[in-house]
Amino acid sequence: MSANRLRTALTMLGIIIGITSVVLLLALGDSMQRFIGKELEALGTNMLFISPGGNRAAAQRMRAGAAPALTLADAAALNSLSSLSGAAPALQGGFKLAVGNETASSSVSGVTPAMFKIRNWKMELGSVFSEADVRAASRSVIIGHKVADQFFYKMDPLGKYIRIENVAFQVVGVLHGEGKQVDGPDLSELVLVPITAARAHLIRNPFPDNVHYVVAQGKSDGNLLDAIEDINETLRDRHHIKFEEPDDFRIDNLASFAETAGKISAGIAALLGVIGAISLVVGGIGIMNIMLVSVTERTREIGIRMAIGAKPRDVLLQFLTEAVVICLAGGVLGIAIAVGLAAAITATGKFAVVITLSAVIVACGFSSLVGVFFGFYPARRASRLLPVDCLRYE
């Protein structure tokens with residue numbers, strides 16, 4: 001192998017590319033699944049979003065005044081259901097924010113303190129506004145850390161004021177973390193005010209008790225389908241919807257989204273693994289071809305070895321060992337390259353790719369199997385050559 005470095009390097013090249021592909025693609029698939037799982041966990045897979053409308057017939061009933069969308073009373077009724085751990089109403093709209101000469105447009109949500117518990121929102125600074133703030137329509141605001149950085153860079157935002165449509169709101173808290181929300185922008189870009197303050201100062205609605213949507217949370221030890229059935233029965237009864245009439249509301253189940261996303265990510269991960277395995281098989285075929293050429297070139301060497309006492313199994317073992325060593329060496333280099341590429345992708349800050357121990361073990365096992373599988377035929381062919389024919393070979 002050392003005497004024919006170029007041939008050895010070319011033989012290893014296919015395995016290096018194949019192992020790099022296997023390790024990196026397996027890591028990408030695994031990282032993608034963990035990323036999707038983390039995002040769904042942040043959203044909360046036992047949450048239900050109830051919104052008004054849903055079909056044409058329901059819209060006609062709403063215009064006729066049969067059901068005035070969703071109301072605060074609806075949210076209170078859902079909050080009392082035994083199959084739910086809580087339900088919180090919300091109002092939402094796009095508004096202009098300003099601090100001094102700095103301005104920005106953002107989505108502003110009017111919520112209740114219960115929303116923070118249901119959505120598992122944590123505070124980085126300050127505290128959640130209280131029920132007393134809601135009753136008093138207090139002009140308090142809680143912002144995400146990106147909003148805080150934009151308006152109060154390297155400053156303590158607590159106690160400062162943000163003008164929302166020229167109405168001053170005092171910052172009482174900063175949310176912790178980030179992650180896309182189903183009903184709005186990223187967690188780090190949220191702007192939250194008491195729902196009563198949103199109704200009094202920002203969102204002008206001819207029906208003051210109406211809300212844009214209600215977020216409900218099923219109990220962790222309960223059946224989410226039972227909770228959906230309870231919500232459906234409660235709202236149909238409250239809205240006086242007859243048996244043959246359609247719902248005038250829609251219930252979105254995040255658990256079904258999570259299940260679908262999990263199946264898609266698992267399928268993509270499997271596909272990436274297959275693509276990497278194909279690359280490795282192509283590299284193995286390259287090894288077999290070059291080893292067959294090597295057997296032809298070394299025919300006289302094989303004849304001399306067998307003439308001085310080497311048995312066929314010794315020749316078989318020699319060529320098989322060469323193939324396995326080449327594959328293992330290529331595997332180590334391939335893993336090193338994959339680790340470097342994963343680190344480069346992670347360094348961009350957009351997506352974290354982690355090389356797991358299982359991916360490395362799979363890669364090493366594959367490289368050994370490829371060496372044995374594709375190296376066996378050339379080695380067997382070399383071991384079955386007759387010494388006389390080998391010595392006479394030109």
May I ask you to test the [X]-[Y] pair for a side-chain heavy-atom distance under 4.5 Å?
| X | Y | result |
| --- | --- | --- |
| Val332 | Ile335 | no |
| Leu78 | Ile231 | yes |
| Leu97 | Val108 | yes |
| Ser107 | Gln92 | yes |
| Phe95 | Leu202 | yes |
| Val23 | Ile355 | yes |
| Arg139 | Val193 | no |
| Leu235 | Leu70 | yes |

Rounded to the nearest 0.5 Å, what separates atom [atom1] in [X] from atom [atom2] in [Y]?
| X | Y | atom1 | atom2 | answer |
| --- | --- | --- | --- | --- |
| Arg163 | Lys96 | CZ | NZ | 8.0 Å |
| Arg135 | Ser130 | CZ | OG | 7.0 Å |
| Lys154 | Asp149 | NZ | CG | 10.5 Å |
| Ile143 | Lys146 | CD1 | NZ | 13.5 Å |
| Ser51 | Ile251 | OG | CD1 | 9.0 Å |
| His212 | Ile195 | NE2 | CD1 | 9.5 Å |

Test side-chain contact (heavy atoms from CB on, under 4.5 Å) applied to Val215 and Met115, step by step: CA-CA 8 Å; Val215 181; Met115 184 71 78; 3.9 Å; yes
Can you confirm whether Phe152 is buried at CZ, in the sense that more than 12 heavy atoms of other residues, nucleotides or ligands lie under 6.0 Å from that atom? yes
Considering all heavy atoms, the nearest [X]-[Y] contact:
| X | Y | result |
| --- | --- | --- |
| Thr103 | Gln150 | O-NE2, 4.0 Å |
| Leu72 | Pro89 | CD2-CG, 3.8 Å |
| Ala216 | Ile50 | CB-CD1, 3.9 Å |
| Ala77 | Thr234 | CB-CG2, 4.2 Å |
| Gly331 | Ile19 | O-CG2, 3.4 Å |
| Ala227 | Leu84 | CB-CD2, 3.8 Å |

Hey, does the side chain of [X] reach the backbone of [Y] with a donor-acceptor pair shorter than 3.5 angstrom?
| X | Y | value |
| --- | --- | --- |
| Lys219 | Ser82 | yes |
| Lys117 | Pro113 | no |
| Ser138 | Asp133 | no |
| Asn79 | Ala87 | yes |
| Ser85 | Gln217 | yes |

Any link between [X] and [Y] through a network of hydrophobic side chains (Ile, Leu, Val, Met, Phe, Trp, Tyr) touching at under 4.5 Å?
| X | Y | result |
| --- | --- | --- |
| Met155 | Leu125 | yes |
| Val171 | Tyr161 | no |
| Val191 | Val99 | yes |
| Ile203 | Val167 | yes |
| Leu328 | Leu13 | no |

Residue pair Ile142, Met123: steps toward the side-chain contact (heavy atoms from CB on, under 4.5 Å) verdict: CA-CA 9 Å; Ile142 294 172; Met123 301 301 296; 3.7 Å; yes
Qualifying residues under ring pair (Phe, Tyr, Trp, His ring centres under 6.0 Å), relative to Phe129, sequence neighbours excluded: Phe116
Please walk me through it: do Phe249 and Asn232 pass side-chain contact (heavy atoms from CB on, under 4.5 Å)? CA-CA 9 Å; Phe249 55 89; Asn232 191 70; 3.4 Å; yes
Does the pair Asp252/Arg250 count as a salt bridge with the N-to-O cut at 4.0 Å? yes
Determine whether Ser83 and Asp230 satisfy the following criterion, side-chain hydrogen bond (donor to acceptor under 3.5 Å, both in side chains), listing intermediate values before the conclusion. CA-CA 7 Å; Ser83 56; Asp230 289 345; 2.7 Å; yes
Test log, rule side-chain contact (heavy atoms from CB on, under 4.5 Å), inputs Leu175 and Leu190: CA-CA 8 Å; Leu175 289 168; Leu190 288 182; 4.0 Å; yes
Criterion side-chain hydrogen bond (donor to acceptor under 3.5 Å, both in side chains) on Ser140 and Gln170, from CA distance to verdict: CA-CA 5 Å; Ser140 303; Gln170 186 177 35; 5.8 Å; no
